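Have a look at the structure below before the remarks.
The figures that follow rest on heavy atoms only: side chains count, while hydrogens, waters and symmetry mates do not. Bear in mind the structure is a predicted one, so any value in this text is a computation, not a measurement.
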Amino acid sequence: VPSDTQMRTILDEAPTEPMRALLPWGFEKICRAGWAQRYQIPTLSGPRKAGGKVTYTRTEAYYTGALDGTEYFHSTAIQCPQCLHKTTAQGVVHYSHTVVAATVVKAGTHDILPRDVEAVRNGDGSEKQDCEINAGKRLIQRLRDEHRPLKMIITGDDLYAHEPFVEHLNKLRMPYVLVAKPESHKELFDWVEGFVPTRSG
């Protein structure tokens, strides 16, 4: 059996797209076998008030797809044309590789189901660098294209809670729960603080 280093050397030369193409096929198999139902969560509609009681009605079940970026390579000496690069104030150039992963999760459990991944990489010949948001857009577009009937709620940290990404989610008709923090969304929180609700009737 090759060592870890040798295995990485072998796999680094292999194209990733043929392997990635197996992911939707595998997920469909898991769904058909019924194994994916454990990750579904029912959504509730309402509240409705009747007879002095507030009730909620269960609607369709959804999967929760968590988006998150992770850096898996970083160097100040080794680089490739697809590397992201950042220059410090001291003039040191840092090269890195990052991916955005989509993982099916369920609240209250530690179980996860890796769904897909999209590389954040340069390579189109332009000087403008790729970014996690653009990779996230490509990833959710592919998820929607490959699984059109699949009902999935997208979650992500405050990096994704910005208008262009939200507009893309709305375009794909994918519901979402995104983090917004006072330090990262100052304008939003200023607007909320200044909002005065009005009462009609």
Problem - Nearest atoms (heavy-atom pairs only) where Val179 meets Ala161 - result: O-CB, 3.1 Å

Practice task
Run through the side-chain heavy atoms of Ile, Leu, Val, Met, Phe, Trp and Tyr, join any pair under 4.5 Å, and report what else lands in Phe73's cluster.
Solution key: Tyr72, Ile78, Val99, Val117

Handout entry: For Ile133 against Leu159, the heavy-atom pair lying closest together
Key = CD1-O, 3.3 Å

Problem - His74/His97 aromatic ring centres below 6.0 Å - result: no

Problem - Euclidean distance, Leu169 CG relative to Tyr176 OH, rounded to 0.5 Å - result: 7.0 Å

Exercise for the section: For Leu139 and Ala101, work out which heavy atoms get closest and say how close. Expected result: CD2-C, 4.0 Å

Handout entry: salt bridge (charged side-chain N to carboxylate O under 4.0 Å, His left out) partners of residues 142-153, not counting sequence neighbours, each pair once
Key = Arg20-Glu146, Glu60-Lys151, Arg115-Glu146, Asp116-Arg142, Glu118-Arg142, Asp145-Arg148

Practice task
Using a 4.5 Å cut-off on heavy atoms from C-beta on, say whether the side chain of Gln141 contacts that of His168.
Solution key: yes

Practice task
Give the cluster check for Leu23 versus Val104: same hydrophobic cluster or not, with ILVMFWY residues linked at side-chain heavy-atom distances below 4.5 Å.
Solution key: no

Exercise for the section: Applying side-chain contact (heavy atoms from CB on, under 4.5 Å), run through Lys106 and Asp111 and close with a yes or a no. Expected result: CA-CA 7 Å; Lys106 185 175 182 180; Asp111 296 336; over 6 Å; no

Exercise for the section: Grab the two heavy atoms, one from Met152 and one from Gly65, that are nearest each other, plus how far apart they are. Expected result: CG-N, 3.7 Å

Completion exercise
In this structure, CG of Leu150 is separated from CG of Leu143 (nearest 0.5 Å) by 8.5 Å

Completion exercise
When every non-hydrogen atom of Thr155 is compared with those of Leu178, the smallest separation belongs to C-CD2, 4.1 Å

Practice task
Give me the ring orientation class for Phe165 and Tyr160: parallel if the planes are under 30° apart, tilted from 30 to 60°, perpendicular past 60°.
Solution key: tilted

Handout entry: Pair Tyr63 and Tyr39, ring centroids less than 6.0 Å apart
Key = no

Exercise for the section: Establish whether Val100 and Leu113 are linked, either directly or via other cluster members, by ILVMFWY side-chain heavy-atom contacts under 4.5 Å. Expected result: yes

Exercise for the section: Let me see the working for Val177 and Ile153 under side-chain contact (heavy atoms from CB on, under 4.5 Å), right down to the final yes or no. Expected result: CA-CA 7 Å; Val177 177; Ile153 298 174; 4.2 Å; yes

Handout entry: N/O donor-acceptor pair under 3.5 Å between Thr88 side chain and Val92 backbone
Key = yes

Practice task
Starting from the C-alpha separation in whole Å, work towards a yes-or-no answer on side-chain contact (heavy atoms from CB on, under 4.5 Å) for Tyr95 and Leu84.
Solution key: CA-CA 6 Å; Tyr95 303 99; Leu84 303 176; over 6 Å; no

Problem - Heavy-atom pair with the smallest gap, counting every atom of Gly69 and Glu132 - result: N-OE2, 3.3 Å

Practice task
State which residue, out of Lys137, Arg121, Arg138, fulfils the salt bridge (Lys or Arg N to Asp or Glu O under 4.0 Å) condition with Asp130.
Solution key: Arg138

Exercise for the section: For the residue pair Asn122 and Gln82, confirm or rule out a side-chain donor-acceptor distance under 3.5 Å. Expected result: no

Exercise for the section: Kindly give the cluster partners of Val105, where membership spreads through any ILVMFWY side chain lying under 4.5 Å from a current member. Expected result: Ile112

Handout entry: Between His94 and His85, a side-chain donor and acceptor under 3.5 Å
Key = no

